[in-house]
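To start, the structure under review is shown below, and the notes come after it.
Naming convention: chains lettered A, B, ... in sequence-line order (proteins, then strands); numbering from 1 in each chain.
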Amino acid sequence: MQKMPHLKSIFFSSVFMLFASSIGPLDFAQAASFERPADPLKSVMWNQMYDEFLDGGARKVVFDKNVVVNTSQNVEDQFHVPVTVDARGITDVKEIVVFSDLNPIWHVLTYKPQEAEPYISFRFKVQQSTPIRAAVLTADNVWHVGGVNLEAAGGGCTAPAVAHGLPDWTLRLAEVRAKIWRSIDNREARLRVRIQHPMDTGLADGIPAFFIEKLNIKSADGRSFGQLQIQEPISENPAFTLMPKLKSADSSVIVDGRDIEGNNFRAVVPAPARSSQLGSSALTGAR
Amino acid sequence: MDRRNFIKGTAALGGTLGSVFGSGSGAGLGARLVGGLAPGALWLEAVSEAAAGPLEYNLKADLIAPGTYVVIGPTEYFSHENGGNIVNTAFVDTDDGVVVIDTGPSLRYGNELRRLIKKTINKDIVRVYITHHHPDHFLGNQAFDQDHIASLPKVISNIKAEGEAFVENMYRLEGDWMRGTQVVLPKVALKSSEIIGGHAFEVLPLGGHTSADMAILDAKTGVLFAGDLAFLDRAPTTPHADLARWHKSLGALEKIKHDVLVPGHGPAEGGGRAIAQTRDYLKWLETMMRSSIDQGLNMTDIMATPIPERFSSISVLPGEMQRSVAHLYRAMEEDLLPLVSKGGG
């Protein structure tokens, strides 16, 4: 169990580096001039996380309480740990990278909000007690990091998906359920989207990796609300809450994506202006 | 347990069953160290507990009806402090011997319960009923004669399927209290009610708290042993719950004439408070969750929902509510979110 992660993480870190490099040129004159801050979560893996996800000194890293990672710290269900990352207290967010230090696969997701608030809610699998962190990259090339330690029993990543115990699970593969809520003044909206998919990590005996890797959220006229890169630790039948900045003329949102076997899916989520009103507690919730 | 069995066991948990009564914040330093990275932690813990003297539950029997005793556990979470004693067990004095209802969370508890029974009623034990397959109700079985232990066939198969994984988790949550504890299956699969020493024990095959919950009415004394279908002043737990079926079972229990009800957790009393409170809380939980999902709230939002004032007498809230969100949210969400694109590979 301790051997496997390395191969995985090397592979995904290279994927990540491609992703990160598309954001903008780093000022390499400054490279390695930044010091690694001490980890408030005191993780033994912090130095490695710093090199792997936070550019190992080439960008400034700060721990920032405005990156709120909201979860239930005592994990009740290691297959479905609910997490909300809320970085609405930070301006000019370019991307949000979520990773967990002690999972066999560290990288959970990378979210690039475009016309959307820096806010994402999701569920993921944990293999043991571990930190869960969100790193938020701002336009001034600074990583703002928040996170908490999770207390968990073992086994979330190496057990088979429930789908494999069900007959004909492929009939519902990539089924999309979704809904949009808008506040009355149209200043805030939430999209909840759930996709039927086993999200196999490749770590369960005899079951190869099979997971959704990309999710794009767009308007009907082609504006991008945000792009999501998803990794193996995301739970079976992934579900996300995002906060797209809808214009009053937007009457729908398009969700499309694909898994690593090339299955594409696309769904049109209606966004009627006056129905499905966002609950008042949702506006203040999760802060 | 090797890795393969461990993984198998965890898979059998289906995820949600990791901790039937959770690992509250009181789970303590021991759990954190054992789960973490200090190899000396187990040893240190054992030493410190040995230095504090042998672990004892100090069980106490309360007489609630003629010849009928209950052993009331504190309404807490499993912890290194309480050793899993958060549960009610009971025993009844009959002409033919003693009838026991549930055996507690560990071998150590089972042994203490047997000694308490001997001290209170100096007769042989002739029957041990197990109400359902949650670990705090049957892991004391080892202390009793397996030939006497009886439950519904479905309870027995549930123990067979999930018992080992429960034991693993109980060691994690309670440490040394669990020493030597192993799963012992009930040997007698009950098909009908029984008359023992002049008492008619009516076996009520119900469910909803788990897939099989057995309540027992002692028709002679009018004591209804409800198992975990009824809780009182302790939040009901939902890792295996089917809420609709649970409500049906509460309705069935209400129709059965009884003088005293012994809930699985919380004080025994007459007057229907346990049934009413369990029903009220479960209804609130379901309505609150469904309407929250309908308003666009996600799991972490709902976990922050304030608890209504009328539940202020109920212990382990909001922790237990947050666990229930983890257990129940996904099925409700699938039910409430509109289908926007059909799947199919």
Original post:
Non-hydrogen atoms of chain A under 4.5 Å away: do they reach the side chain of B:Glu334, the backbone, both or neither?
Top reply: both
Subject >> Side chain, backbone, both or neither of A:Arg123 within contact of chain B (heavy atoms, under 4.5 Å) >> reply: side chain
Original post:
What distance do A:Thr84 atom OG1 and B:Leu297 atom CG have between them, rounded to the nearest 0.5 Å?
Top reply: 10.5 Å
Original post:
What do you reckon, are the aromatic ring centroids of B:Trp177 and B:Tyr109 less than 6.0 Å apart?
Top reply: no
Original post:
A:Val81 versus chain B, heavy atoms under 4.5 Å apart: side chain, backbone, both or neither?
Top reply: neither
**OP:** Kindly indicate whether a cation-pi arrangement holds for B:Arg323 with B:Tyr77, taking the cut-offs as under 6.0 Å to the six-membered ring centre and within 45° of the axis.
**Re:** yes
**OP:** Kindly indicate whether the side chain of B:Asn298, heavy atoms from C-beta on, has any atom under 4.5 Å from the side chain of A:Phe240.
**Re:** no
